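This report refers to the structure that appears directly beneath it.
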Protein chains: 2
Amino acid sequence: MSNDENKGARLSRQRETILDELRKVKTHPTADEVYDMVRKILPRISLGTVYRNLDFLSGRGVVLRLGGAGTQKRFDGNPAAHPHLRCSVCGRVDDLEWPLALPELPVEQSMGYSRLRCDVEFVGVCPMCAGRDS
Amino acid sequence: MSNDENKGARLSRQRETILDELRKVKTHPTADEVYDMVRKILPRISLGTVYRNLDFLSGRGVVLRLGGAGTQKRFDGNPAAHPHLRCSVCGRVDDLEWPLALPELPVEQSMGYSRLRCDVEFVGVCPMCAGRDS
DNA sequence: TCCATTACTAGTAATAATTCTCAGCAACCA
DNA sequence: TGGTTGCTGAGAATTATTACTAGTAATGGA
């Protein structure tokens with residue numbers, strides 16, 4: 001966080017706390033889950049600030065914004081590309097604990113796209129949701 | 001489209017048209033792009049009907065609902081799992097024309113998740129958006 | 001054939017997630 | 001020390017999606 005791109009950017013208490021809290025957990029919280037976490041430390045923070053900073057941080061590649069199949073976006077404190085498991089029922093996301101090599105796309109197959117990164121997501125039903133019904 | 005699960009389901013003119021139009025294109029339209037396409041044929045169709053039927057069809061696995069990094073969901077007339085290329089600027093989605101084998105997850109690595117399917121998405125900047133700025 | 005049931009529709013209201021706006025405060029620089 | 005810029009909280013606005021409602025059409029027995 002100290003190259004030219006970030007010239008002028010300040011590490012406010014709010015921004016720092018959001019980043020800290022996000023790095024602390026292994027769940028992949030949604031914006032308002034982050035809001036709840038951070039509010040325990042900075043009770044007067046606003047939801048808009050959380051969104052603004054998650055946007056800022058993911059824009060800089062410091063955290064990962066997971067688009068995914070769900071309706072809300074989720075955020076990951078670990079910015080390295082790694083595969084996820086997503087529950088299609090409750091929307092929860094886990095890291096896959098298995099060193100799956102991410103597929104590499106040869107430039108001549110990239111159809112003109114640049115700056116590619118690979119998102120791999122396995123979508124299924126998590127143990128909790130599978131137990132609930134069937 | 002004729003097994004037990006679909007008992008009672010009817011193939012209305014609206015539903016049929018939505019499916020036809022979706023299968024016709026290689027783009028991966030959003031719900032309101034589908035709405036626009038279908039409206040040329042059935043001008044009185046409502047957006048709610050489009051959403052309802054896209055939901056119905058993707059629930060049955062007849063079409064694919066692509067969650068993805070963008071803000072709107074996109075739909076794919078080809079329900080077979082296959083990798084996509086997504087532009088992080090304009091949100092457009094292309095099929096990857098390269099027979100990339102989708103990674104297979106061994107059951108013992110699935111962390112209790114069941115009925116898994118794999119989504120692979122390469123996210124980058126498409127040629128059009130790359131040309132516009134830099 | 002007639003009637004009850006069910007699936008579906010258009011239109012519109014409601015909701016949910018996210019982004020935008022704006023006035024004030026705080027850090028930084030000349 | 002004063003001006004500029006980045007950031008904030010609060011709340012309004014926007015956007016995508018879902019839910020509701022009343023009406024219509026297909027279906028399946030009596």
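Every heavy atom of this structure was used, including side-chain atoms; hydrogens, water molecules and symmetry mates were not. These numbers come from a predicted model, not from an experiment. Naming convention: chains lettered A, B, ... in sequence-line order (proteins, then strands); numbering from 1 in each chain.
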What integer distance in Å separates [X]:[atom1] from [N]:[atom2]?
X: A:Leu42; N: D:dC7; atom1: CG; atom2: P; result: 16 Å
X: B:Lys73; N: C:dT18; atom1: NZ; atom2: C1'; result: 14 Å
X: A:Leu11; N: C:dA27; atom1: CG; atom2: C1'; result: 13 Å
X: A:Tyr35; N: C:dA16; atom1: OH; atom2: P; result: 16 Å
X: B:Glu16; N: C:dA7; atom1: CD; atom2: P; result: 19 Å
X: B:Gln72; N: D:dT18; atom1: CD; atom2: C1'; result: 15 Å
X: A:Asn53; N: D:dG6; atom1: CG; atom2: C1'; result: 11 Å
X: B:Gln14; N: C:dC8; atom1: CD; atom2: C1'; result: 8 Å

inquiry  = Just to verify, what does A:Glu16 make a side chain to side chain donor-acceptor pair (under 3.5 Å) with, not counting sequence neighbours?
reply    = none
query = With side chains defined as the heavy atoms from C-beta onward, is the minimum distance between A:Trp98 and B:Pro106 less than 4.5 Å?
reply =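 A side-chain contact exists here, since the closest heavy-atom pair is under 4.5 Å.
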Spacing of B:Met111 atom CE and A:Asp94 atom CG [to the nearest 0.5 Å] =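 Going from CE on B:Met111 over to CG on A:Asp94, the span is 4.5 Å.
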Can you see whether [Y] has [X] sitting over its ring - NZ or CZ less than 6.0 Å from the centre and within 45° of the normal?
X: A:Arg86; Y: A:Phe122; value: no
X: A:Arg52; Y: A:Phe56; value: no
X: A:Arg39; Y: A:Tyr35; value: yes

Does a nitrogen or oxygen in the side chain of [X] sit under 4.0 Å from OP1 or OP2 of [N]?
X: B:Ser12; N: C:dT9; result: yes
X: B:Arg10; N: D:dT27; result: no
X: B:Tyr51; N: D:dT18; result: no

Taking N or O atoms only and anything under 3.5 Å, show me the protein contacts with nucleotides 10-12 of chain D, one pair per line.
unit_1: D:dA10; atom_1: OP1; unit_2: A:Arg44; atom_2: NH2; d: 2.9

request  = Return the set of residues passing side-chain contact (heavy atoms from CB on, under 4.5 Å) with A:Ser88 (not counting sequence neighbours), or none when no residue passes.
outcome  = A:Val123, A:Val125
